[in-house]
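Working notes, beginning with the structure itself.
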Amino acid sequence: MALIVQKFGGSSVANAERVKNVAGIVTDTYKAGNNVVVVVSAQGDTTDDLIEKAREINSKPSNREMDMLLSAGEQISISLLAMAIEDLGYPVVSLLGWQAGFETDSNHSAARIKKVNTSRLKKELDKKNIVIVAGFQGLNKYDDITTLGRGGTDTRAVAIAASLHADRCQIFTDVEGVYTSDPRKVSNAKKLNEITYDEMLELATLGAQVLNNRSVEMAKKYNVEVEVLSSLKRVPGTIVKEVTKLEKMLVRGVTKDTDVTRISIMAVPNIPGIAFKIFGRLAAKNINVDIILQSVGRNDTKDISFTIAKDHCDLALQTLKDFDLLDGLEIISDSDVAKVSVVGAGMETHPGTAATMFKALYEKDINIQMISTSEIKISVLIDKKDADSAVSAVHAAFFAE
Ligand code: ASP
Ligand code: MG
């Protein structure tokens with residue numbers, strides 16, 4: 001008998017009909033002889049609606065009270081799903097985060113799981129119950145309710161799978177799996193059968209909205225096999241695991257990220273320690289820097305450019321302005337940029353991937369502002385208006401029609 005953890009996101013349980021559909025999937029899995037633990041998010045836009053309700057009352061509510069409010073969404077969805085399963089005649093119990101033994105730190109609204117006390121979960125499974133657990137929420141050492149941050153239900157499901165040594169963690173969503181690019185924008189985007197944790201992490205970080213990246217980190221750390229699949233169509237999805245043997249593909253995916261700002265500091269003094277001082281100051285403000293480009297020094301000066309997440313732009317500019325060493329220097333920021341990336345473990349051992357990508361961009365007359373590479377990723381920074389055509393062109397270069 002296998003133990004399967006199934007996670008259903010908000011859209012999969014958005015209304016009564018969808019809740020009943022999920023109850024069907026869960027009970028079919030149970031009927032096939034498996035133990036099943038189900039982790040559910042709040043229905044549809046419930047979490048956003050609750051945030052809106054809070055805003056109408058207080059523009060800066062404390063994170064503790066926000067957690068108290070937002071955790072209510074999952075309490076609704078677990079009980080409704082349990083009722084739908086009762087109605088089908090199966091034994092079921094729903095549990096809030098604390099009842100399921102989730103201890104977190106006290107970082108309200110972005111709490112980290114510290115420990116999962118599985119005794120209650122195990123007791124319910126021994127009684128042959130289907131166990132429905134609220135996603136997203138936990139309890140800190142002061143017995144206050146915490147939440148794991150938006151999308152935290154994926155992480156919750158993987159944590160349960162890891163602590164119960166489940167055979168598989170299935171993440172149900174409204175797409176059929178992980179694709180080589182956004183299927184809504186790239187007509188011949190293909191569904192992948194398998195993908196490695198590292199590739200998935202790159203895709204998740206680069207904005208492919210299928211899995212939350214903390215959940216992928218956790219799956220990798222505890223070696224939990226994850227399957228991403230559709231709750232609406234019963235077809236096999238994409239399996240995320242350590243090594244894939246099927247399809248030794250060069251490139252797994254092409255993505256874009258438009259949440260980027262480029263900052264350039266012109267004519268900084270060409271002396272040792274400048275990069276350390278600039279990036280040290282940004283790091284001290286918790287600003288995460290991505291692509292960095294420094295020109296070769298000329299006439300005792302050099303230019304330094306780098307990219308950051310768009311919402312760090314103001315803080316970064318202020319930090320640079322406050323730095324006396326840069327007094328009087330020209331600092332330019334540009335948010336009309338996009339990062340387009342190809343990801344794939346195969347490129348590590350395969351020459352020519354970068355050239356193929358650059359050729360596709362050249363043929364569309366798209367100018368590259370910055371380039372960065374790692375063993376499994378090549379990213380270019382381009383003009384934002386070119387982002388969609390760049391993704392299509394690069395995708396076409398790696399994946400034949
Ligand atoms: N309901 C929460 C949210 O929308 C958690 C989740 O969906 O994973 O962020
Ligand atoms: Mg949600």
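Order of listing sets the numbers, starting from 1, for every ligand and every atom in it.
- A 6.0 Å sphere centred on CG of D365 holds no more than 12 heavy atoms belonging to other residues, nucleotides or ligands.
- Under the 3.5 Å distance criterion, with hydrogens and angles disregarded, a donor-acceptor pair is assigned to the side chains of Q6 and T29.
- Using a non-hydrogen distance threshold of 4.0 Å, E74 registers as a contact of ligand 1.
- Legend: salt bridge (charged side-chain N to carboxylate O under 4.0 Å, His left out) pairs involving residues 264-293, not counting sequence neighbours, sorted by first then second residue: D290-K339.
- If you number the atoms of ligand 1 from 1 as listed, the ones under 4.0 Å from a heavy atom of R150 come out as 3 (C), 4 (O), 9 (O).
- At a heavy-atom distance under 4.0 Å, only side-chain atoms of T47, from C-beta outward, approach ligand 1.
- Proximity annotation for atom 7 (O) of ligand 1: of S41, S11, S71, S41 comes nearest, heavy atoms only.
- Against a heavy-atom cut-off of under 4.0 Å, G152 is close to the following atoms of ligand 1: 8 (O).
- In R168, the CZ atom is crowded: over 12 heavy atoms of neighbouring residues, nucleotides or ligands sit closer than 6.0 Å.
- Ion pairing between a basic and an acidic side chain is recognised when a charged N comes within 4.0 Å of a carboxylate O; D198 and K220 show such pairing.
- Under a 4.0 angstrom heavy-atom cut-off, G135 registers as lying outside contact with ligand 1.
- Shown in contact with G151 at under 4.0 Å from a heavy atom are these atoms of ligand 1, numbered in order with element: 3 (C), 5 (C), 6 (C), 8 (O), 9 (O).
- In this pair, F8 and F172 present their aromatic rings parallel. The plane angle is below 30°, not in the 30 to 60° band.
- The shortest N/O to N/O separation between G149 and ligand 1 does not fall below 3.5 Å.
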